[in-house]
There are 2 protein chains.
Amino acid sequence: MPSSVPNKRIRKSPAARRAEIVAAAASVALTEGLECITLRRVADELGVRPGLISHYFPAADDLVAEAYGAAVGSELDELLPADRCGATPTRHLARFFARASGEAYDDISRLWLNARHLSRYRPALRERVGVQENAWRDRLEALIRDGVDAGEFRTGDPLVTAVQILVVLDGLGMLVNGADGGEDLPVVRRLPIATAERELGLPVGTLDAVPAPVRADAPGGRSPSGRTG
Amino acid sequence: MPSSVPNKRIRKSPAARRAEIVAAAASVALTEGLECITLRRVADELGVRPGLISHYFPAADDLVAEAYGAAVGSELDELLPADRCGATPTRHLARFFARASGEAYDDISRLWLNARHLSRYRPALRERVGVQENAWRDRLEALIRDGVDAGEFRTGDPLVTAVQILVVLDGLGMLVNGADGGEDLPVVRRLPIATAERELGLPVGTLDAVPAPVRADAPGGRSPSGRTG
DNA sequence: GATGCTATTGAGTGTGCGACCAATAAGCAA
DNA sequence: TTGCTTATTGGTCGCACACTCAATAGCATC
């Protein structure tokens, strides 16, 4: 039964193979951690030999940085899409917090924590972390700026407010590997939302998850609950 | 010249040797990171053979946890001493932020980041991190509670306020390995102090570092700047 | 000064890692 | 079909790690 050990070589285009390798490494990074990205581990994932990974990434550190960038970058696109088609900044920010506070986000928190520590030793990763930090900050700042322009938010400095929100999120993310699995206090869990509402001059509760999400991905409709100023 | 390789054995009492090992490991943890605590590295530090470290710590993970606990525990004693002899809570809190915002604190930030990530893989360390988290939170909460009792602070829930401050400190600590060596914005660097002043009902600037510290360790005198609500 | 306890050594085991390289075969082009 | 390019393999090397254990020697006690 050769299905378990198919010696048959499958030859792919360099671009496809490289993308495959990065995707597999990103998956390992999200589920097991960046230090589990080894030539052998990724090769096993793809059913190839370790030497092949070395061929595409002569320095293993570069694969680690690339995998981190892929995982965190795609999460950012889902969390804070570059083009917000029609929906109000307030609703987008609420969606952001809904996702960033759920348990599904724990893997991302772990990855940030992982990367920020590991970048102490790996220059390539450190550089990538800097790039992603800027990307996340810029994306959130743009959202806040739009909200200010639309009259929904009120803040003196959108950049500082964005950083402030991200700092609180990071601070809570630090606890993701804790014994109790995070904080049990709901007031602590709500800290990022509370910070945003305070700094943006929003009434308490504005950014909480809506109980009944409007018909999934309705493209054009204006949110009925949008409250301006 | 036997000074470079002194084969002479030096036999010490188990308690003394064990303390020596933990101290050396803690030093490595602070300067190089917890994953650099290896049997060989610690043995070299002390001029002994790796087997000796194994003898005192049959499981290396236990040494890592112990070293972390020693480093972070002693830092806590210096940062928030259990017995605050005479000085006001306000002054103590200002001292806390003065130290916790300086560059000298970077090693501690790195260690927290390091431990919180590594505790993902090492149960013994995870438990120790939980213990230290509680200790730090309790110590800060006690300080805040004293301040409230003395009429210096105003907050609904000292525990929540303590957690809030620590979360912001942790969030900034996440950036300690960053490319630029932290945030350049002074408003961001002041975030923990601003959070504390806001949550404790203190005038802006109350918790900033005093330019001229009162004569070092004057024991009894009441602070002349103590303001009671 | 002799004796016994045990702290300490030295040597060795097995594992997993990144990196290197000649040999091989897959798949495209002629 | 034939030939060529190169993606892929298989094997190997050196290194660092935790852990084990019998042998050794420091030191307190008598």
Sugar-phosphate only, base, or nothing, as touched by B:Arg17 at under 4.0 Å among non-hydrogen atoms: sugar-phosphate
Between C:dT9 (P) and B:Asp44 (CG): distance, integer Å: 12 Å
Sugar-phosphate, base or nothing in reach of A:Thr38, heavy atoms under 4.0 Å: sugar-phosphate
Residues, nucleotides or ligands: over 12 heavy atoms within 6.0 Å of A:Arg95 CZ: no
Sidechain-backbone polar pair: B:Asn177 side chain, A:Arg116 backbone, donor-acceptor under 3.5 Å: yes
Rounded distance (Å) that lies between atom C1' of C:dT15 and atom CZ of A:Arg41: 17 Å
5' priority, DNA chain C, between A:Leu39 and B:Val48 [closest heavy atom]: B:Val48
Distance below 4.0 Å between B:Arg49 side-chain N/O and C:dG10 OP1 or OP2: yes
Covered region of DNA chain D, 5' end to 3' end, by chain A [heavy atoms, under 4.0 Å]: D:dT5 to D:dG10
Donor-acceptor contact present, side-chain A:Arg99 to main-chain A:Leu79, <3.5 Å: no
Rounded distance (Å) that lies between atom C1' of C:dC17 and atom CD of B:Glu35: 16 Å
Nearest-angstrom distance from the residue atom CG of A:Leu63 to P of C:dG18: 10 Å
Chi angles and distances behind the salt bridge (charged side-chain N to carboxylate O under 4.0 Å, His left out) call for A:Arg41, A:Asp44: CA-CA 5 Å; A:Arg41 181 75 185 76; A:Asp44 284 353; over 6 Å; no
Phosphate OP1/OP2 of C:dT8: any B:His55 side-chain N/O under 4.0 Å: no
Nearest-nucleotide 5' precedence on DNA chain D, B:Ala60 against A:Pro14: A:Pro14
Main-chain N/O of A:Leu207 paired with A:Glu197 side-chain donor or acceptor, under 3.5 Å: yes
Touch class at under 4.0 angstrom, heavy-atom based, for B:Pro58 against every strand present: sugar-phosphate
Whole-Å distance separating the CG atom of A:Leu34 from the P atom of C:dC17: 15 Å
Any donor-acceptor N/O pair under 3.5 Å between C:dG16 base and A:Arg40 side chain: no
Comparing B:Lys12 and B:Phe57 on DNA chain D - which has the more 5′ nearest nucleotide: B:Phe57
Ionic contact status for B:Asp157 with B:Arg145, cut-off 4.0 Å: no
CZ on B:Phe97 to NE2 on B:His92, rounded to 0.5 Å: 14.0 Å
Interatomic distance, A:Arg11 CZ vs C:dA26 P [rounded to whole Å]: 9 Å
Nucleotide C:dT8, atom P - distance to CZ of B:Arg9 in whole Å: 9 Å
Spacing between A:Ile37 atom CD1 and C:dA19 atom P, to the nearest angstrom: 14 Å
